[in-house]
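Some notes on the structure that comes next.
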Amino acid sequence: MRVLCTGGLGFIGSHVVQRLLADGHEVSVIDNMSNASQSCPQACHTEVGNVADVLRHSKGSERQDLIFHLASPAGPAMMCPEREVLWQIVRDARAVFNAAARWGSRVIAFSS
């Protein structure tokens, strides 16, 4: 199965990616590196940037069977300036669900 994991280099996302790879899935990661806990394994394709920007430009044509949407700011320090961060969360989520609709993919969304 082809799986996209947004926020795949964060604490939760990196564990999800490791499990998906161990289960034999083809994994792609989008992460802006703002809270990356580790680098992505060589077995997966990684794109650095905001989810909405990456989906609009490079990943927009690559169909994924499943999307784990884990990209979200973590902790109070990541919420400043509040208005800009909230708009980015909305843009990223909208881009993920639009891509899922276009590809016929399922989405699993959760965050710390």
Side-chain angles (χ1 to χ4, degrees):
M1 181 184 304
R2 294 184 65 166
V3 182
L4 172 63
C5 187
T6 68
L9 300 182
F11 179 75
I12 295 171
S14 62
H15 288 86
V16 170
V17 166
Q18 290 290 342
R19 178 56 188 257
L20 290 167
L21 290 170
D23 288 348
H25 299 290
E26 183 181 334
V27 181
S28 295
V29 169
I30 300 174
D31 200 295
N32 68 4
M33 306 296 287
S34 65
N35 196 33
S37 63
Q38 63 177 303
S39 62
C40 197
Q42 289 184 342
C44 65
H45 175 77
T46 305
E47 298 223 25
V48 175
N50 288 327
V51 173
D53 295 336
V54 173
L55 284 173
R56 185 172 35 256
H57 294 109
S58 48
K59 299 247 10 120
S61 62
E62 292 184 35
R63 185 189 183 288
Q64 303 292 321
D65 301 306
L66 175 64
I67 303 170
F68 279 89
H69 182 43
L70 313 176
S72 187
M78 297 304 295
M79 294 304 291
C80 296
E82 182 178 305
R83 176 179 254 174
E84 290 176 32
V85 172
L86 292 175
W87 278 116
Q88 189 62 51
I89 291 168
V90 170
R91 282 190 299 266
D92 288 350
R94 184 176 182 187
V96 164
F97 286 101
N98 284 339
R102 191 169 59 246
W103 296 329
S105 306
R106 293 176 293 153
V107 177
I108 298 172
F110 58 95
S111 174
S112 59

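Heavy-atom basis, side chains included; hydrogens, waters and symmetry copies ignored.
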Residue list, side chain to side chain donor-acceptor pair (under 3.5 Å) with [X], at least two apart or on another chain:
| X | answer |
| --- | --- |
| Asp65 | Arg63 |
| Asp31 | none |
| Arg19 | Asp23 |
| Arg91 | Gln88 |

Nearest heavy-atom neighbours spanning [X] and [Y]:
| X | Y | result |
| --- | --- | --- |
| Met33 | Val48 | CG-CG1, 3.6 Å |
| Ala52 | Ala95 | CA-CB, 3.6 Å |
| His69 | Ala93 | NE2-CA, 3.8 Å |

Does any non-hydrogen side-chain atom of [Y] lie less than 4.5 Å from one of [X]?
| X | Y | answer |
| --- | --- | --- |
| Leu66 | Ile108 | yes |
| Glu47 | Ser28 | no |
| Phe110 | Ile12 | yes |
| Leu55 | Val96 | yes |

Using the side chain to side chain contact (heavy atoms under 4.5 Å, CB included) criterion, which residues pair with Leu21? Sequence neighbours excluded.
Val17, Val27, Pro41, Ala43, Cys44

Can Phe68 and Leu20 be said to form a side-chain contact (heavy atoms from CB on, under 4.5 Å), step by step?
CA-CA 11 Å; Phe68 279 89; Leu20 290 167; 4.0 Å; yes

Checking the side chain of Thr6 only, and the main-chain atoms of Leu70 only, is there a donor and an acceptor separated by less than 3.5 Å?
yes

